[in-house]
Chemist: 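I have a structure I would like to understand better, so I am pasting it below and will then ask my questions one at a time.
Counting convention: from 1, in listed order, for ligands and their atoms alike.
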Amino acid sequence: MIEKACLKCKRIVTGKQCPICKTSKLSTKWKGLLIILDAKESKIAEKMNLTEGKYALKVK
Ligand SMILES: [Zn+2]
């Protein structure tokens, strides 16, 4: 399955729309991978207001 990145929140999505923003604006042109395992323990997640999941660092 192709992994796409949401243009809005940068979450890596495998379906047709982002489960967070409910947008279908997804891009296959993304670079870098940020994995948030525990949002409560992660300072990056706290700073960027992210929940658990995979995120792209750059989305075109
Ligand atoms: Zn999104």
Chemist: Quick test of your reading of the model: are K40 and E46 salt-bridged, counting only N-O distances below 4.0 Å?
Modeler: no
Chemist: On a heavy-atom basis, which atom in Y55 and which in R11 lie closest, and how many Å separate them?
Modeler: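 Reported closest heavy-atom pair: OH-NH2, 2.9 Å.
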Chemist: Ignoring hydrogens and angles, tell me if any N or O in the side chain of S27 forms a donor-acceptor pair with the backbone of V59 under 3.5 Å.
Modeler: no
Chemist: Output, by chain and residue number, all protein N/O/S atoms separated from the Zn ion (ligand 1) by less than 2.8 Å.
Modeler: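 Sorted hits: C6 SG, C9 SG, C18 SG, C21 SG.
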Chemist: Of the non-hydrogen atoms in C6 and L26, which two are nearest, and what is the gap between them?
Modeler: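 C6 and L26 have their closest heavy atoms at CA-CD2, 3.6 Å.
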Chemist: For the residue pair I36 and S42, what are the closest heavy atoms and their distance?
Modeler: CD1-OG, 4.1 Å
Chemist: Any side-chain heavy atom of K58 within less than 4.5 Å of one from K10?
Modeler: no
